[in-house]
Amino acid sequence: ALKTEKPLSKEHIYSLLQAGVSSIDILVEASIRKLEFVVDQQTLADFEQRQAETSFLNRISIFSIEADKELKQAQQRADEGAFERAIEAYSALLKKSPRLLEALLLRAAAYEKMKHFELARADYSQILAWDPHAFSFLDRPAVSIRSKLISTYYLEKDFARALSEVQKLLGGESPESPDVYHILAEIHLSQQRYIDAIAGFQKAIRLDPTQARSYTRLAVLLAASPEAKTRDPIAAVELGIAATLLTDREIMELQDKRLY
């Protein structure tokens, strides 16, 4: 019943949901054939009425041919540095397709570029309301959306709020993230808590041994810490080299020497 060539219609998806076809199967088919319609608020309500799963509601909108085209046009504006025009385009699209998480993420990124951090947080918060474990596809390696939200406080230099949010996150609200520990380390560093900063950078590296920025920041701290007891010039040099090379061999050598 799933296999035909033309894009999926709204009515066809209704029938698949009512027939008990799994959300994953429908999403896979939608990713191949795409949707001939935009998933608006009423359509989302109709899907929910037919017992669509949350994961389905979070992913289905991106497969709309029209929405995907408009999203790419808006992203092109952002790539050109026209962030205001990009935000206008993302906002227009979200009025038509309100649960298009990709548009929310891209609009939040554009808000960040313009230093509109409160608006960026609103978009990140909306994504988290629908998907508490969402990750950003804009970052490599992927960064949790909650980490992105926390980073906006750090960028604003609101270190107290950033630290509060990090502590909540480390308390078990979300899986551990190297990005969170890196931010936590930067906050500690800004407040001259050097031992805590070192521990944060070390934890970020353990969670993601390819995280070059944490190697670099830890190397700088170990080389130039105002506290003699936290300075380690030899380790700083080796970490600096690792940040440049980041080969498996270099990482293994650092692990063997217990430098992190």
Side-chain angles (χ1 to χ4, degrees), residues 23-24 26-27 30-31 35 38-45 47-48 52-64 66-75 77-79 83-84 86-156 158 161-162 164-184:
S23 293
I24 292 176
I26 301 173
L27 288 171
S31 72
L35 307 179
V38 172
V39 183
D40 58 19
Q41 189 62 55
Q42 183 58 55
T43 304
L44 287 167
F47 287 158
E48 286 189 277
E53 297 175 2
T54 299
S55 59
F56 176 88
L57 298 172
N58 287 339
R59 294 298 306 142
I60 191 65
S61 298
I62 191 58
F63 301 122
S64 163
E66 181 181 340
D68 182 59
K69 180 181 177 180
E70 292 187 24
L71 186 67
K72 288 176 179 175
Q73 291 172 342
Q75 192 169 4
R77 294 175 182 176
D79 291 343
F83 297 116
E84 286 189 12
I87 288 168
E88 289 175 0
Y90 292 136
S91 299
L93 177 55
L94 285 163
K95 285 183 179 179
K96 293 193 290 185
S97 187
R99 201 153 174 168
L100 183 55
L101 271 60
E102 291 80 0
L104 278 169
L105 175 59
L106 288 163
R107 187 172 70 176
Y111 280 139
E112 281 197 40
K113 291 290 186 182
M114 298 185 69
K115 302 189 185 304
H116 296 331
F117 297 116
E118 187 172 349
L119 293 172
R121 282 193 289 272
D123 281 349
Y124 290 139
S125 296
Q126 182 58 74
I127 293 171
L128 289 169
W130 285 322
D131 184 357
H133 302 300
F135 277 77
S136 166
F137 64 85
L138 300 177
D139 299 274
R140 295 292 181 272
V143 172
S144 73
I145 296 298
R146 195 172 296 277
S147 299
K148 299 287 286 183
L149 190 153
I150 292 169
S151 73
T152 62
Y153 293 113
Y154 175 74
L155 292 170
E156 279 188 306
D158 186 350
R161 181 62 186 273
S164 172
E165 293 297 323
V166 169
Q167 289 170 336
K168 287 181 187 177
L169 191 58
L170 300 185
E173 288 189 7
S174 180
E176 290 187 336
S177 162
D179 192 63
V180 167
Y181 281 95
H182 183 93
I183 292 169
L184 178 61

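- When the shell of 6.0 Å around CD1 of Ile24 is examined, it contains 12 or fewer heavy atoms from other residues, nucleotides or ligands.
- Atom CD1 of Ile127 and atom CZ of Phe135 lie 13.0 Å apart (nearest 0.5 Å).
- Taking 4.5 Å as the limit, some side-chain heavy atom of Thr152 sits within range of a side-chain heavy atom of Tyr124.
- Between Leu27 and Phe63 there is a side-chain heavy-atom pair separated by less than 4.5 Å.
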Verdict with reasoning, Glu102 to Arg59, per side chain to side chain contact (heavy atoms under 4.5 Å, CB included): CA-CA 9 Å; Glu102 291 80 0; Arg59 294 298 306 142; 2.3 Å; yes
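- Around CD of Glu53, the count of heavy atoms belonging to other residues, nucleotides or ligands within 6.0 Å does not exceed 12.
- Looking at Ile62 and Leu71, their side chains come closer than 4.5 Å, going by heavy atoms from C-beta outward.
- Both the sub-6.0 Å distance and the 45° axial angle are not jointly satisfied by Arg77 relative to the ring of Tyr90.
- What you find for Val38 and Lys96 is that their closest heavy atoms are CG1-O, 3.7 Å.
- Panel note: side chain Ser97, backbone Val39; a donor-acceptor pair is recorded below 3.5 Å.
- Atom CD of Glu156 is separated from atom CZ of Phe117 by 6.0 Å, given to the nearest 0.5 angstrom.
- Between the side chains of Asp40 and Thr43, at least one donor N or O lies within less than 3.5 Å of an accepting N or O.
- Looking at heavy atoms from C-beta onward, Leu57 lies in side-chain contact with Phe47 at the 4.5 angstrom threshold.
- In this structure, Ala74 and Ala86 approach most closely via the heavy-atom pair O-CB, 3.6 Å.
- Taking CG of Asn58 as the start and CG of Asp131 as the end, the distance is 5.0 Å to the nearest 0.5 Å.
- Atom CG in Asp179 sits 13.5 Å away from atom CZ in Arg146 (nearest 0.5 Å).
- The only option from Leu94, Leu93, Ile87 that meets the side-chain contact (heavy atoms from CB on, under 4.5 Å) definition with Ser91 turns out to be Ile87.
- Residues Asp123 and Leu105 form no side-chain contact, since every pair of their non-hydrogen atoms from C-beta on lies 4.5 Å or further apart.
- Within the 4.5 Å cutoff, no side-chain heavy atoms of Tyr154 are placed close to those of Glu165.
- Side-chain contact check for Leu149 versus Arg121: some heavy-atom pair is nearer than 4.5 Å.
- Across all non-hydrogen atoms, the minimal contact from Leu100 to Ala67 is CD2-CB, 4.3 Å.
- Annotation: the span from Ile150 atom CD1 to Leu184 atom CG amounts to 9.5 Å, rounded to 0.5 Å.
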Residue pair Leu104, Trp130: steps toward the side chain to side chain contact (heavy atoms under 4.5 Å, CB included) verdict: CA-CA 12 Å; Leu104 278 169; Trp130 285 322; 3.6 Å; yes
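- To the nearest 0.5 Å, atom OH of residue Tyr153 and atom CZ of residue Arg161 are 3.0 Å apart.
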